[in-house]
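Scroll down for the structure; my scribbles are underneath it.
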Amino acid sequence: MSDLPEELQTSIDAVRADVAALHGELVRNGLVVWTGGNVSGRVPGADLFVIKPSGVAYDDLAAENMILCDLDGAVVPGTPGSERSPSSDTAAHAYVYRNMPEVGGVVHTHSDYATAWAARGEEIPCVITAMADEFGGPIPIGPFAIIGDDSIGRGIVETLRGHRSRAVLMANHGPFTIGSDARDAVKAAVMVEDVARTVHIAKQGGTLIPLAQEAIDSLFTRYQNVYGQTPQGALS
Ligand SMILES: O=C(CO)[C@@H](O)[C@@H](O)COP(=O)(O)O
């Protein structure tokens, strides 16, 4: 692939750097232990995505050892990092990219509280405004699926297609999140763990009070369209 058009190579290099750095956000936010999580990012305008190598310590991850894959999940030969095996979940990430063209990033972790809800096969009810803002409603449970083929990816797509949530709790496994790009998917992974913890603590203290759908809709619309800075005001 060394004879790629310069613009595509530049785009691939940017996604490599972004995906490598975002794995550090999983560690910084306490979402992973050892190597138990992964981030990928789609290469804009190409049938390609970048994902981490399987089982490599987060401290050793770098742009040059990220792995470039096609949308079937096959490693692109002769590219930096292609000498290593891609993440165990590459097939799942690839399935999402093939079937949800609007998705630019996918993340998987075994973060404690979200994975505990997944172990119970229990969706997280929308009882706090932070959930309405970020997920527009409850965080759904996806089917139990064994790693190794399209099963996990199919479960993610069947659960999230047409759903406001960018997070799904795959039963007995843990959260997978999607986003407009890899950073957005990492944000969803951070926020699903945060709300999973809060609602778990609330549930221990007594009866949860559901938010009215009208309030959820209003909060989600505001947060998705008004919250934060315009591109002119953004600092990073
Ligand atoms: O959940 C699993 C394996 O069941 C994987 O996501 C996790 O161990 C991370 O594996 P990778 O290092 O991405 O291959």
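Just follow the structure's listing: the first ligand is 1, and inside any ligand the first atom is 1. Position 1 is the first residue of the sequence; numbering continues from there.
The protein heavy atom nearest to atom 5 (C) of ligand 1 is Asp89 OD2, 3.3 Å. Protein heavy atom closest to atom 3 (C) of ligand 1, with residue, atom name and distance, is Ile147 CD1, 3.9 Å. When only non-hydrogen protein atoms are considered, atom 9 (C) of ligand 1 lies nearest to Thr35 O, 3.5 Å. What sits closest to atom 14 (O) of ligand 1 on the protein, heavy atoms only, is Ser88 OG, 2.5 Å. Closest to atom 1 (O) of ligand 1 among all protein heavy atoms lies His110 NE2, 2.7 Å.
Checked options Thr159, Thr115, Val192; the residue passing with Leu169 is Val192 (criterion: side-chain contact (heavy atoms from CB on, under 4.5 Å)).
Of all atoms in ligand 1, numbered sequentially from 1 with element shown, those under 4.0 Å from a heavy atom of Ser87 are 11 (P), 13 (O), 14 (O). When each atom of ligand 1 is checked for a heavy atom of Ser54 under 4.0 Å away, the hits are 11 (P), 12 (O), 14 (O). In the vicinity of Lys52, heavy-atom distances shorter than 4.0 Å reach the ligand 1 atoms 11 (P), 12 (O), 13 (O). Each of the atoms 9 (C) of ligand 1 lies under 4.0 Å from some heavy atom of Gly37. Close approach of ligand 1 to Asn38 is summarised as follows: ligand atoms under 4.0 Å from at least one heavy atom of the residue are 6 (O), 9 (C), 13 (O).
Between His23 atom NE2 and Asp18 atom CG the span is 11.0 Å, to the nearest 0.5 Å. Atom CD1 of residue Ile124 and atom OH of residue Tyr113 lie 12.0 Å apart, to the nearest 0.5 angstrom. Atom-to-atom distance recorded for Ser40:OG and His108:NE2 is 12.0 Å, nearest 0.5 angstrom. Of the inter-residue distances, the one linking Leu48 atom CG with Arg42 atom CZ reads 10.0 Å to the nearest 0.5 angstrom. Atom CD in Gln9 sits 12.0 Å away from atom CD in Glu7 (nearest 0.5 Å).
For ligand 1, one of its N or O atoms has an N or O atom of Gly55 under 3.5 Å away.
In this model, a donor atom of one side chain and an acceptor atom of the other lie less than 3.5 Å apart for His93 and Asn38.
A salt bridge is defined here as a Lys NZ or Arg NE, NH1 or NH2 lying under 4.0 Å from an Asp or Glu carboxylate O, and Asp70 with Arg98 fails to meet this definition.
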